[in-house]
Structure formats: C-alpha cells, structure tokens
Amino acid sequence: MLDIKFIRENSELVKAGLASKNEFNKVDELLDIDKKRRELITKTEELKSRKNKVSADIAKIKREGGNVEELMSESRKIADDTKSLDDELKELQNNLDTILAWLPNLPHQSVPIGKSAEDNVESRRWLPDGFKFENDFKPLDHVELGKKLKILDFERGAKISGSGFPVYVGKGAALERALINFMLNYHIENHGYTEIMPPFLVNRESMKGTGQLPKMAEDMYTCEKDDLFPIPTAEVPITNLHRDEVLSEKELPIYYVGYSACFRREAGSYGKDSKGFLRVHQFNKVEMVKFVKPETSYDELEKLVVNAEAILKELKVPYRILLLCTGDLSFSAAKCYDIETWSPAENKWLEASSCSNFESFQARRANIKFRNDDKKLEFVHTLNGSGLATSRLMVSILENYQTPEGKIIVPKALQRYTGFEIID
RNA sequence: GGAAAGGUGGCAGAGUGGUUGAAUGCGGCGGUCUCGAAAACCGUUGUUCCGGAUUCCGGAACCGGGGGUUCGAAUCCCCCCCUUUCCGCCA
C-alpha cells in the first residue's frame with residue numbers, strides 16, 4: 001500500500017511511477033475522494049467535540065442537582081446530525097481504501113523503464129568451467145529424461161490431481177528432497193538465516209498483507225468453507241509472521257528461510273511454456289524473507305541475490321541475472337532481480353528465482369513497524385527471494401547433468417544428501 | 001463436532017454507565033546517587049487520523065471486529081471472529 005499522504009504531496013511522481021508500470025491511473029479520483037474525506041472529518045469532529053462538552057456538562061450539572069433537559073436535547077440533535085455525516089464518511093473511507101488496496105507499488109529510481117519482459121536488463125551471468133551452449137550430443141529434455149529414468153511421472157500426476165501436478169518417483173523424489181535440504185542448510189549455515197517451517201494455508205488477512213489480495217485473486221486456490229488460501233509462496237506466511245507487530249530495532253535485520261510447497265492456479269496461462277515442469281500448479285520452493293531498516297534495504301537486496309546465486313554456483317548450474325524493467329515488475333515490488341537458469345533442451349533461460357525489495361509497501365499493508373533512533377514508529381522494509389524454486393531448477397539440473405547415454409550425474413553438492421551419485 | 005472460560009496499553013493485570021486513555025506491577029526513557037554499573041529513589045512513557053505550527057498546540061477516534069441502547073459505553077444488549085481448556089474424532 002502506498003501512503004495516502006505521500007500520494008497527496010507527490011501526485012505527479014506517483015502518476016509517472018504508475019504509468020511506467022502500465023498501471024491505469026486513479027490518482028486524481030483518489031485525491032478527490034481524499035479531499036472530500038478530510039473536509040468531512042473536520043466537520044464531524046467539530047460536532048463531536050461539542051457533543052463531548054455537552055455530555056461532560058450534563059454529568060456535572062446532574063451531580064449538582066441542576067436541570068439538564070435542554071442540554072440533553074441539544075446532545076440528541078448533534079447525535080442525529082453526526083450519524084448521516086458518519087455514514088457518508090465511512091463510504092468515502094471505503095472507496096479510498098479500495099483504491100489504495102488495488103494500487104501497486106512504485107518502481108525505485110534505479111529500475112529501468114520498459115514495457116515488458118523484453119526490456120529487462122541482464123546485469124550479469126555465470127557459467128560453470130567448461131560450459132558450452134552448444135552440446136556435443138542432442139540433449140533430451142527433462143520430460144523425456146524423467147520418463148526414461150522413471151523419476152518423474154507427469155501422466156499419473158494428471159490422473160490423480162490434474163495437469164501441472166508432477167509426481168516425483170524413486171531417485172527423482174530423493175533428488176528433489178536433497179535439493180531442498182541442501183538449499184535450506186546452505187542458507188542457514190552460510191548466510192545467517194533462521195529456518196521457518198510455515199503453514200501452507202493462510203487466512204485472508206495474510207494474503208492482503210503481502211499483496212496477493214485483492215488483485216491476484218484469480219491466481220490462487222481457495223478453501224471457501226474456511227476462507228483459507230493455499231499459499232502461492234512461503235513469502236506469505238513468513239512475512240505475515242510479524243503482521244501487526246512492533247519489532248525492536250535491535251532485532252533488525254531479521255533473516256528467515258523456509259521451505260514450502262507452492263500452489264498456483266496459473267489461470268489463463270495454458271499452452272505457453274506449459275510442458276512438464278515449465279508451468280505447474282504445485283511446486284517446491286525455498287524462500288528467503290528479510291525484515292530490515294529502510295536505509296539498508298537496497299544493500300540487503302543485493303545480498304539477497306548473492307545468497308541465491310551461491311546455491312547455483314555450488315550446483316554448477318549456468319545462470320544469468322536480470323534486472324526487471326518497470327513494466328515487468330510485480331504488483332508489490334519496488335525493484336526485482338530474476339535469476340534464470342539455462343535449459344539446453346529448451347535452448348533458453350528459465351526463471352528460477354525472483355528477488356525483490358518491497359520497501360514499506362507490504363509493511364504498510366501488514367502493519368509491521370519498528371521503533372527508530374528517534375523513538376518514533378516506522379514501517380520496516382521487507383524483501384524476499386527464492387533460494388530457489390526447485391521445479392525450474394530441476395529442469396536445468398537434469399538437462400545439464402545428463403550424459404550422452406541419458407543418465408544423470410548427481411551434482412557434487414547434492415551427493416551427500418542423496419546418497420547416490422548417478423541416476424540410471 | 002460438543003462444552004466451558006476468555007479477548008483491555010510493549011508485557012502482566014485491575015476496572016460493570018459520567019474528567020477512565022484507562023489503577024497497579026514489569027519493561028522502556030530521563031534524572032539523583034556512583035569512578036562506573038547494579039540496587040534504591042524521583043519523574044516520564046500508547047496508537048491512528050484531522051487542523052494549524054519546523055522539538056509543539058488544538059480536536060477526534062481507538063479496551064478483538066461490527067451493529068444497537070443512552071445525553072453519555074471498556075462497562076448494558078445483539079451478531080461475528082479469534083484464543084485457551086476439557087470431551088469426542090484423528091495423522
């Protein structure tokens with residue numbers, strides 16, 4: 001959520017920011033409502049102030065045994081007048097809140113202006129020693145490998161749940177489990193994160209807190225009877241851990257890492273890149289979440305990306321880092337880096353991580369504050385990044401580590417977790 | 001699913017219609033004492049919004065949420081939500 005005061009005082013800046021995010025501009029309507037709202041507040045509060053005085057007088061005069069009839073009827077009249085104004089005010093407030101809830105975050109100045117993913121800027125790439133984009137043999141894709149080695153079963157997944165619900169079998173399951181454990185341990189041991197194992201269902205407030213609701217309602221699964229939502233990312237429960245809390249300055253920054261299954265409806269995206277793991281309704285992800293002081297959040301973002309990269313370097317998976325342009329930035333993010341890993345069979349880069357700074361956008365929605373040096377309450381900045389999502393990463397691992405015979409060498413970093421070195 | 005209890009300030013915990021934004025304790029902050037610290041003592045200490053002023057002043061609202069009664073509600077009534085405990089069921 002953006003601060004209404006900030007919008008009021010920087011309306012041109014806000015308009016420009018929203019436009020760069022391809023966002024329909026409701027700023028003028030918002031400011032108009034805000035103006036009416038404030039006028040009405042002034043009006044009703046004057047009435048209420050008078051009423052409070054009258055009530056106090058009534059109490060006093062009554063104690064002294066005087067007549068209060070006249071005052072009581074005045075108070076009654078004020079109460080009547082206030083009622084309709086209060087209703088009007090409530091409606092304005094609701095309209096204001098609704099617009100604010102739908103308004104995305106503004107891009108940071110350092111974010112390149114652009115319309116779509118094509119305008120994203122590659123900031124760096126890393127390739128393992130001896131890596132070549134051209135293979136000496138024709139690589140099998142991950143679906144073919146999964147089938148041949150009997151480690152992935154997309155067909156039976158479709159039978160028991162629907163398309164986009166992969167089943168991991170045997171060494172495939174073990175590899176998946178190894179990958180999750182490796183990533184968690186790596187962040188805990190080397191990057192100072194505290195592990196969180198969160199609930200996979202959250203309530204409506206949590207979904208609003210991180211910005212999934214109201215805008216992305218179509219993208220998520222729902223449990224209507226209980227008004228709960230299967231999480232699309234562990235970002236939701238972990239960030240909401242501190243919803244409605246005042247954190248002490250001493251405990252910042254807070255670093256959490258957690259594994260969760262992630263559930264996404266992916267409504268409307270059928271047909272495009274939907275083969276195998278490329279687009280699924282359920283996948284596994286290790287997520288890093290940070291709560292930090294505002295002045296440090298952009299340094300923390302860079303560190304977050306480095307933390308995610310470290311995993312890929314350990315796994316020796318080729319990747320590149322993109323700085324997303326304004327038009328490709330998600331609803332809540334002020335700045336975001338995507339990490340893409342290389343798929344030799346698809347012959348393209350696949351998004352395996354997204355690392356974002358939300359500044360105070362989520363903190364304002366979720367009401368997460370800390371007391372600053374001046375003893376004043378201030379919203380924290382929140383960040384999160386995948387560290388990483390296993391599904392797309394698994395594509396890159398399987399395809400990059402395949403032998404000409406169609407076997408898979410287990411990456412060295414994972415071998416102590418799998419207990420085997422080869423899948424054949 | 002059944003039954004009971006309860007939701008009050010950073011925390012603990014009083015408060016059943018009229019200076020109660022709320023006793024008391026803890027914590028926090030400032031001070032006295034001290035070489036320093038602890039202890040002790042004194043003082044201070046909520047949030048949000050509106051209006052005006054560059055440390056502030058005035059006003060409004062807030063005791064789980066929403067309605068209602070009343071001149072006046074933390075306090076009375078109704079609805080909802082949540083938590084805890086017990087029973088049942090169950091991995």
Side-chain angles (χ1 to χ4, degrees), chain A residues 1-9 30-101 197-209 213 222-230 237 240-252 254 261 291 360 363-380:
Chain A
M1 207 155 63
L2 298 177
D3 182 7
I4 182 69
K5 260 186 224 151
F6 180 85
I7 299 175
R8 204 185 288 152
E9 288 158 15
L30 188 74
L31 291 177
D32 186 50
I33 294 173
D34 178 54
K35 186 155 176 280
K36 283 185 192 142
R37 169 185 148 265
R38 284 183 294 144
E39 285 166 2
L40 211 54
I41 287 175
T42 307
K43 216 158 147 189
T44 55
E45 289 192 349
E46 276 168 14
L47 286 173
K48 285 176 183 171
S49 175
R50 172 66 191 158
K51 194 173 82 163
N52 288 343
K53 276 197 190 72
V54 172
S55 280
D57 286 348
I58 289 173
K60 195 169 154 213
I61 293 170
K62 247 186 161 175
R63 264 199 305 274
E64 292 161 357
N67 188 320
V68 294
E69 269 313 312
E70 207 170 305
L71 286 175
M72 275 167 76
S73 76
E74 181 184 353
S75 180
R76 221 166 304 164
K77 186 175 176 309
I78 296 173
D80 283 349
D81 294 347
T82 315
K83 184 105 177 61
S84 63
L85 291 178
D86 269 343
D87 289 345
E88 206 178 316
L89 184 60
K90 200 177 288 176
E91 198 185 324
L92 285 175
Q93 187 66 51
N94 283 342
N95 293 343
L96 190 84
D97 291 344
T98 303
I99 296 176
L100 281 176
M197 193 171 283
F200 291 1
L201 299 182
V202 297
N203 58 30
R204 183 172 291 274
E205 274 311 303
S206 296
M207 280 300 213
K208 285 187 194 163
L213 283 176
T222 53
C223 306
E224 279 177 31
K225 201 167 181 182
D226 298 293
D227 205 28
L228 291 172
F229 303 83
N240 279 280
L241 234 34
H242 293 298
R243 172 151 52 81
D244 292 320
E245 289 186 14
V246 177
L247 302 169
S248 83
E249 192 188 357
K250 285 176 225 136
E251 59 191 320
L252 297 177
I254 295 172
F291 301 82
S360 60
R364 184 169 282 107
R365 288 180 159 245
N367 189 29
I368 308 169
K369 297 179 175 171
F370 76 105
R371 209 169 278 282
N372 65 20
D373 289 334
D374 302 330
K375 306 283 173 258
K376 291 263 194 310
L377 291 177
E378 194 175 346
F379 289 111
V380 299

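In what follows, chains are A, B, ... by sequence order, proteins preceding strands, each numbered from 1. When reading the values below, keep in mind they use all heavy atoms of this one structure, side chains included, and skip hydrogens, waters and symmetry mates.
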Undergrad: Restricting to nitrogen or oxygen on both sides, can you table the protein-nucleotides 74-81 of chain B pairs closer than 3.5 Å?
TA:
none

Undergrad: Considering only side-chain heavy atoms of A:Thr42, which listed nucleotide, B:U48, B:G51, B:G72, is closest?
TA: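 Within the option list, the nearest is B:G51.
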Undergrad: Considering just the side-chain nitrogens and oxygens of A:Arg38, establish if one lies under 4.0 Å of OP1 or OP2 belonging to B:G51.
TA: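 Looking at the OP1 and OP2 atoms of B:G51, one of them is under 4.0 Å from a side-chain N or O of A:Arg38.
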Undergrad: Going by side chain to side chain donor-acceptor pair (under 3.5 Å), name the pairs with one or both residues in residues 88-98 of chain A, residues two or more places apart or in two chains.
TA: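 Counting only pairs at least two positions apart or across chains, the side chain to side chain donor-acceptor pair (under 3.5 Å) contacts touching residues 88-98 of chain A are A:Arg37-A:Gln93, A:Gln93-A:Asp97.
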Undergrad: Checking A:Asn52 now: which residues fulfil side chain to side chain donor-acceptor pair (under 3.5 Å) with it, not counting sequence neighbours?
TA: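 Partners of A:Asn52 under the side chain to side chain donor-acceptor pair (under 3.5 Å) test: none.
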Undergrad: Got a sec, which residues hit side chain to side chain donor-acceptor pair (under 3.5 Å) with A:Arg204, two or more places apart in sequence or on another chain?
TA: A:Asp227
Undergrad: Shorter than 3.5 Å, N or O on both sides, protein versus nucleotides 15-23 of chain B: list them out with atom names.
TA:
from, atom 1, to, atom 2, distance (Å)
B:G18, O6, A:Lys62, NZ, 3.0

Undergrad: Which part of the nucleic acid, if any, lies within reach of A:Leu377 when heavy atoms closer than 4.0 Å are counted: base, sugar-phosphate only, or nothing?
TA: sugar-phosphate
Undergrad: Tell me, do A:Asn240 and A:Val202 make a side-chain contact under 4.5 Å, heavy atoms counted?
TA: no
Undergrad: Mind checking the C1' distance from B:G58 to B:A5? Whole angstroms is fine.
TA: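 44 Å, rounded to whole Å.
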Undergrad: Nearest-nucleotide wise, let me know which of A:Met72 and A:Val246 is further upstream toward the 5' end of RNA chain B.
TA: A:Val246
Undergrad: Can you tell me how far P in B:A60 sits from the matching atom in B:U55, rounded to whole Å?
TA: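 The answer is 22 Å between these two P atoms.
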Undergrad: Using atom P in both nucleotides, what's the gap between B:G21 and B:U45 to the nearest angstrom?
TA: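 Looking at atom P only, B:G21 and B:U45 are 16 Å apart.
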Undergrad: Can you tell me how far apart CG (A:Leu47) and CD1 (A:Ile78) are? Round to the nearest 0.5 Å.
TA: 6.5 Å
Undergrad: Can you name the salt bridge (Lys or Arg N to Asp or Glu O under 4.0 Å) partners of A:Lys77, sequence neighbours left out?
TA: A:Asp81
Undergrad: Check whether any side-chain heavy atom of A:Asp3 sits under 4.5 Å from a side-chain heavy atom of A:Phe379, and report yes or no.
TA: no
Undergrad: Could you give me the CA-CA distance, side-chain angles and deciding distance for A:Val54 and A:Met72, then say whether side chain to side chain contact (heavy atoms under 4.5 Å, CB included) is met?
TA: CA-CA 8 Å; A:Val54 172; A:Met72 275 167 76; over 6 Å; no
Undergrad: What pairs with A:Lys369 under salt bridge (Lys or Arg N to Asp or Glu O under 4.0 Å), at least two apart in sequence or on another chain?
TA: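 Salt bridge (Lys or Arg N to Asp or Glu O under 4.0 Å) check on A:Lys369 returns nothing, list empty.
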Undergrad: For B:U75 versus B:C62, give the span between their P atoms, rounded off to a whole number of Å.
TA: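 About 10 Å, rounded to a whole number of Å.
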Undergrad: Counting only heavy atoms not in A:Glu224, do more than 12 fall under 6.0 Å of its CD?
TA: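 No.
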Undergrad: Strictly under 4.0 angstrom, non-hydrogen atoms only: write out the protein contact profile of nucleotides 58-68 of chain B, one letter per nucleotide from the 5' end, B, S or -.
TA: -BSS-----SS
Undergrad: Who pairs with A:Asp57 by side chain to side chain donor-acceptor pair (under 3.5 Å), at least two apart in sequence or on another chain?
TA: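 In terms of side chain to side chain donor-acceptor pair (under 3.5 Å), with neighbours along the sequence ignored, A:Asp57 is linked to no residue.
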Undergrad: Using the C1' atom on both, measure B:G25 against B:C77 and round to a whole Å.
TA: 34 Å
Undergrad: Verify whether one side chain among A:Arg243 and A:Ser206 offers a donor that lies under 3.5 Å from an acceptor in the other.
TA: yes
Undergrad: Just jot down the salt bridge (Lys or Arg N to Asp or Glu O under 4.0 Å) partners of A:Lys35, sequence neighbours excluded, or say none.
TA: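 A:Glu39.
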Undergrad: Using a 4.0 Å heavy-atom cut-off across all strands, classify A:Arg37 as base, sugar-phosphate, or nothing.
TA: sugar-phosphate
Undergrad: A:Lys43 near the nucleic acid: base, sugar-phosphate alone, or nothing, with a heavy-atom cut-off under 4.0 Å?
TA: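 The residue A:Lys43 makes no contact with any strand.
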Undergrad: Output the single nucleotide from B:C50, B:U47, B:G72 whose closest atom is nearest the side chain of A:Lys51.
TA: B:G72
Undergrad: Please give the distance between the C1' atoms of B:G10 and B:G46 as a whole number of Å.
TA: 9 Å
Undergrad: Which part of the nucleic acid, if any, lies within contact of A:Arg8, taking any heavy atom under 4.0 Å across all strands shown: a base, the sugar-phosphate backbone alone, or nothing?
TA: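 Result for A:Arg8 = sugar-phosphate.
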Undergrad: Can you sort out the partners of A:Lys36 under side chain to side chain donor-acceptor pair (under 3.5 Å), two or more places apart, ordered by chain and number?
TA: A:Asp32
Undergrad: Which whole number of Å gives the distance between the C1' atom of B:G15 and that of B:C63?
TA: 11 Å
Undergrad: Pairs counted as Watson-Crick or G-U wobble with both distances under 3.5 Å: what dot-bracket string results for RNA chain B, using | for bases tied to another strand?
TA: ((((((((.[[[..)..(.....]]]((((((.......))))))(((((((...))))))).[[[[[..)....]]]]])))))))....
Undergrad: Tell me, yes or no, whether the heavy-atom count around A:Glu251 atom CD, taken from other residues, nucleotides or ligands under 6.0 Å, exceeds 12.
TA: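 Yes, because the 6.0 Å sphere around CD of A:Glu251 holds more than 12 heavy atoms from other groups.
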Undergrad: Measuring only the C1' atom in each nucleotide, how far is B:C89 from B:C79? A whole number of Å is fine.
TA: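 30 Å, rounded to whole Å.
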